[in-house]
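Here's the structure we're looking at; comments come further down.
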Amino acid sequence: MPELPEVETTRRGVEPFARGRLVRALRLRESRLRWPVDATLPRRVSGARITAVERRAKYLLFRLDTDTTLMLHLGMSGSLRVLPVDTPHRKHDHFDLELDSERILRFNDPRRFGSLHLIEGDPAQHPLLSSLGPEPLAASFDADYLWQRTRKRRVAIKQFVMNAQVVVGVGNIYASEALFCAGVRPGRAARLLKRGEVAAIVAAIKRVLAMAVEVGGTTLRDYVGADGNPGYFRQKLFVYERAGEPCRSCETPIRQRVQGQRSTYWCPTCQR
DNA sequence: ACGCCCTCCTGTTGGC
DNA sequence: TGCCAACAGGAGGGCG
C-alpha cells in the first residue's frame, strides 16, 4: 500500500536513473487507470528532458524541460521499477517510460488505482494538488497547526489525520501506527483531544514516517521499490494487521474495528 | 463546511 | 477440490 514512505522510497530509487535523461518514448499498454490516460500524453512527453524527480503527497512528479510535469500516483498496488530496456513485460505492466540510457521506468499496478497525468505549467495549481494539506515532515506541520485544524471537528482522529486536506501522506497503516506511538485511541473525536495529545500525534506522525522511509517503507503484498526490493517496516509494525496478537509493549491483545470503511488497530491499554 | 458512504479494481483468503 | 463471496484500500465525488 504505497503511502508516503513507499512513494518517497520509489522517488529516491528512480531519481538517479531519471534526472537529466531524455524521454525516448512512453509506451502505454493500458490506459484504463484510475482515470483514463490522455491518448496524446505519450506523444507530448516524447523527447523531453527530465530535470527533476519530486514528490508531493503520494504523487511522483517528473519535471520536464518543456514546462510540463508528468504526475504519477501509485494507487494501492502500484510500483515503478528501473529495468533494462529489453525486459519482457508481464501482466499489469501498464506503461514504460523509455530513457536514453537503455533503461526504462516500468509501472505495474494490478488494481489499476494508480493514475498518470501530464500537467502544463505549475503542478501545484493542478486540481489534484491545489487543496492538499502540508507535508507531514515539513516544519509547517506542527502542533499549533494541527491544534487549530482539530477545533470543532467531530470526526475520529484517525480519519482526521488520513484526510489529505489536513496532512498528506498518512494512509491506513501509518495512521494506526502513529496513534499507537502517540498513545491516543483512534476513535477519539478530534476536537476533544488535549493540546498535549495533539502535539504527541504530530511528533508520532513525523517519527513513524521518518523511520519507515529509512527502511524503505512497508511491504504487505505488492509494493516493491524502484530496485525491486520490498520495504522492511512491516517488522516494526506495533498494531497494523496484528489483531488478537499481544501488544509489543504491554502484551494486551491488539484490537481491530472498522472505522470509516477501513480497518483500524489499537492497544486498549497503551492508548487512551 | 462537514460528515458519511459509494465507487473504481484484482489477487488473496476463507467458508461451505 | 472447487466455487464464490468477502476483503483489502487511496481518494475523488456525491449526497444530506
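Only a predicted model underlies this, so the values are computations on that prediction, with no experimental measurement involved. Below, chains carry the letters A, B, ... as their sequence lines are ordered, and counting in each starts from 1.
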inquiry  = If you go through the side-chain atoms of A:Arg262, does one of them form a donor-acceptor pair with the base of C:dA8 closer than 3.5 Å?
reply    = no
ask   = Could you state the CG-C1' distance from A:Leu74 to C:dG10, rounded to the nearest angstrom?
value = 11 Å
ask   = Contact class for A:Leu128 (heavy atom, under 4.0 Å): base, sugar-phosphate, or nothing?
value = sugar-phosphate
task = Give the nucleotide from the list C:dA11, B:dC8, B:dC2 with an atom nearest to the side chain of A:Lys58.
result = C:dA11
query = Is any side-chain N or O of A:Tyr174 closer than 4.0 Å to OP1 or OP2 of C:dG9?
reply = no
query = Can you say whether the rings of A:Phe233 and A:Tyr174 are parallel (under 30°), tilted (30 to 60°) or perpendicular (over 60°)?
reply = tilted
inquiry  = Please confirm whether the shortest side-chain N or O distance from A:Gln261 to OP1 or OP2 of B:dC6 is below 4.0 Å.
reply    = yes
inquiry  = Less than 4.0 angstrom between a side-chain N/O of A:Lys91 and OP1 or OP2 of B:dG11, yes or no?
reply    = yes
message = Measuring from the side chain of A:Gln256 (C-beta onward, heavy atoms only), which nucleotide among C:dA8, C:dG12, C:dG10 has the closest atom?
response = C:dA8
ask   = A:Arg111 CZ to B:dC9 P: how many Å, rounded?
value = 13 Å
message = Taking side-chain hydrogen bond (donor to acceptor under 3.5 Å, both in side chains) as the criterion, tell me which of A:Arg24, A:Arg103, A:Arg29 meets it with A:Asp96.
response = A:Arg29
message = Within the 4.0 Å heavy-atom criterion, would you say A:Arg32 contacts the bases, only the backbone, or no part of the nucleic acid?
response = nothing
Side-chain N or O of A:Tyr59 closer than 4.0 Å to phosphate OP1/OP2 of C:dG12 = yes
task = Respond yes when some side-chain nitrogen or oxygen of A:Ser77 is under 4.0 Å from OP1 or OP2 of C:dG9, and no when none is.
result = no
request  = Would you kindly say whether A:Lys91 and A:Asn108 are connected by a side-chain donor-acceptor distance under 3.5 Å?
outcome  = no
request  = Measure from CG on A:Asp109 to P on B:dT10 and round the result to the nearest Å.
outcome  = 10 Å
query = Reckon A:Arg112 has a side-chain N or O less than 4.0 Å from the OP1 or OP2 of B:dT10?
reply = yes
query = Rounding to a whole Å, what distance do you find between A:Ile157:CD1 and B:dC2:P?
reply = 14 Å
inquiry  = Could you tell me if the side chain of A:Thr87 sits less than 4.5 Å from the side chain of A:Arg106, heavy atoms only?
reply    = yes
message = Is the phosphate of C:dA11 approached by A:Arg34 (side-chain N or O, under 4.0 Å from OP1 or OP2)?
response = no
inquiry  = For a quick test of reading the model: is some side-chain N or O of A:His73 closer than 4.0 Å to OP1 or OP2 of C:dA11?
reply    = yes
note = Between CH2 of A:Trp35 and C1' of C:dG10 the distance, given in whole Å, is 9 Å
query = How long is the line joining CG of A:Asn108 and P of B:dG11, in whole Å?
reply = 10 Å
query = Thinking salt bridges, do A:Lys58 and A:Glu3 make one under a 4.0 Å N-O criterion?
reply = no
ask   = Once you round it to whole Å, what is the distance between P of C:dA11 and CG of A:Leu132?
value = 9 Å
query = Taking atom types as modelled, is there a side-chain donor on A:Gln256 or A:Ser263 under 3.5 Å from an acceptor on the other?
reply = yes
message = Between P on C:dA11 and CZ on A:Arg56, what's the gap in Å once rounded to a whole number?
response = 12 Å
inquiry  = So if I take every side-chain heavy atom of A:Phe113 and compare against C:dG10, B:dC4, C:dG12, which nucleotide ends up nearest?
reply    = C:dG10
